[in-house]
Amino acid sequence: MPQQTLELASRIDGEPVAGVRTIENPNPAQLDDTVSRVDLADAATFARACERAVDSQRAWSATPAPVRGAAIGDLGRIVTANKEALAALVTREIGKPYQEALGEVQEVIDTCVFFAAEGRRLYGMTVPSEMPDKQLFTFRRPVGVMAVITAGNFPIAVPSWYLVPALLAGNAVVWKPAEYAPAIADAFARCIAAAGIPASAVQLVQADGQATSDGLERALSAGHVQKVGFTGSSAVGRSIAAMCGEHLVAPTLELGGKNPLLVLPDADLDLAVEGALFSGFGTAGQRCTSLGVAIVHEQVHDEFLTRFTAAVEEAAVGDPMRSVLYGPMLSQRFADGFERWLEHIEPHHRVSGSSAVGRITAESPRAGFVGDPDAGIFEHPTIVAGVTEDDLLYREETFGPIVPVATAGSFDEALHLANAHGYGLSSAIYTRDASAAFRFAEGVTAGMVSINNSTSGAEAHLPFGGNGKSGNGARQSGVWVLDQVTRWQSVNWDHSGKLQKAQMDVATVPADLDFRV
Ligand code: UN1
């Protein structure tokens, strides 16, 4: 039975508002299924949403934190009750295999569970004063209005990493989801409203990048936005950081990755292959935590490559509602971007992992493909061996089902290759040597390190984020994200009845040393 096309628009104070142009989003696994028709807003609408959020933030932050936490708890229960429907919508909209989509929705639930309880903590400290009859305290205060711009590869989990703690801490949010994932965003906004969180505290703006950038500039200039959260490419992150810098706003940036996976000679090779398969090809390589470059010690390189190639050849690719390693690309735009990387396969490289590269079609088939390749946007998995530090395939994020493999003659050379591209999001090492594992963790610049585990698949309550080209050091998730969504305020209360001056009216312990010369 054909599924319904969802008619979508921005929601300002919960009410749909007309846009300036309409786009259609097809199901990337089934292009004749139009998932949504979405009205995209202009810059003025984005700026207006930010302005409307200013007042609602004041009201929302006056709600006690445990009450805000209870609403987050309700949100978690609503998402739980709708887990299968939300996961099915993720799969329909962006082609993520259904099992993975269920995991993504679970990540939202885990985030709600964590922050529901945080409503009863949000701890500050008491601090001793240097003077009598004076009390010192610290309080976490909300930052204000937070503009959140998210990608569509994790169209509900990653937004929840921003929205849930931001709301718990008493902020209002203006959320601009990816244009190609508007339906799951709309569904999540409806879950939030159903949890009793005021609609005006979550303004949903469906817009393209240009309208968002222009609208954000206006809102920052008007002083209506105090924080920007962005998950997406390093290039866009850089321009958002520049815009924020102009307005003295510190953004939270979660950008691209070139996540290295090292395989040392003593590694369990089958485990390393399993990890590389999931890291490299899960979500069709379209995670920011996807394997960016496998760095394999020369002693085990050929054996690893043989086993990895065999695993990739056997892997099921295709219909994301069936049991597959990966489904389609997120949208045509991502297929186009990915195919451009294939042009950077150089003559000195060795390609393995599939009989063909590029788009999977009836003319360029893949053995064992699950479903009809011509129905959607599917790409062959590709392993490129012989990649070196000078290659673009080593230096830049490729965001698709391709795994470059480099060799290293020593641990130090492998560590150098793990860092030299300048990204620093996630990383992995396969070894049985605890000392090598910890030397790697100390030496790698990545914000996240896996030992004998995949580069992707971080748990929802550990700090998530990167350094270098992968971000600005901000961390999401767990208690660490509280530093992004709150600001410390220090309060001193003097009940001595007189003006006591810090540093000057401080009693000192007399010393009888004589320093006269
Ligand atoms: C992303 O791709 O932006 O660690 C986030 C992971 C997921 C999140 C990825 N939990 O792979």
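Both backbone and side-chain heavy atoms feed into the values below; hydrogens, waters and symmetry mates do not. Start at 1 with the first residue, then count along the sequence. Counting starts at 1 for both ligands and their atoms, following the listed order.
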Engineer: Please output the residues near ligand 1 using a strict heavy-atom distance under 4.0 Å, listed in chain and residue-number order.
Structural biologist: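 Residues within 4.0 Å of ligand 1: Glu107, Asn153, Phe154, Val158, Trp161, Glu254, Arg287, Cys288, Thr289, Ser456, Gly457, Ala458, Phe464.
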
Engineer: Only pairs under 3.5 Å count here: list side-chain donor-acceptor contacts from residues 113-123, not counting sequence neighbours, and write none if there are none.
Structural biologist:
unit_1 : atom_1 : unit_2 : atom_2 : d
Glu118 : OE1    : Arg121 : NE     : 3.0
Glu118 : OE1    : Arg121 : NH2    : 3.2
Glu118 : OE2    : Leu122 : N      : 3.1

Engineer: Salt bridge (Lys or Arg N to Asp or Glu O under 4.0 Å) with Glu100: which residues, sequence neighbours excluded?
Structural biologist: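 Scan of Glu100 (salt bridge (Lys or Arg N to Asp or Glu O under 4.0 Å), adjacent residues dropped) gives Arg287.
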
Engineer: Going by the angle between their ring planes, with limits at 30° and 60°, are Phe378 and Phe369 parallel, tilted or perpendicular?
Structural biologist: perpendicular

Engineer: Taking the six-membered ring of Phe411 as reference, does the NZ or CZ atom of Arg439 fall below 6.0 Å from its centre and within a 45° cone about the axis?
Structural biologist: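 Checked: cation-pi criterion met.
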
Engineer: Could you work out, with ring-ring contact (aromatic ring centres under 6.0 Å, His included) as the rule, every residue matching Tyr430, not counting sequence neighbours?
Structural biologist: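 Partners of Tyr430 under the ring-ring contact (aromatic ring centres under 6.0 Å, His included) test: none.
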
Engineer: With a distance cut-off below 6.0 Å to the six-membered ring centre and an angular limit of 45° from the axis, does Lys96 pair with Phe154 as a cation-pi contact?
Structural biologist: yes

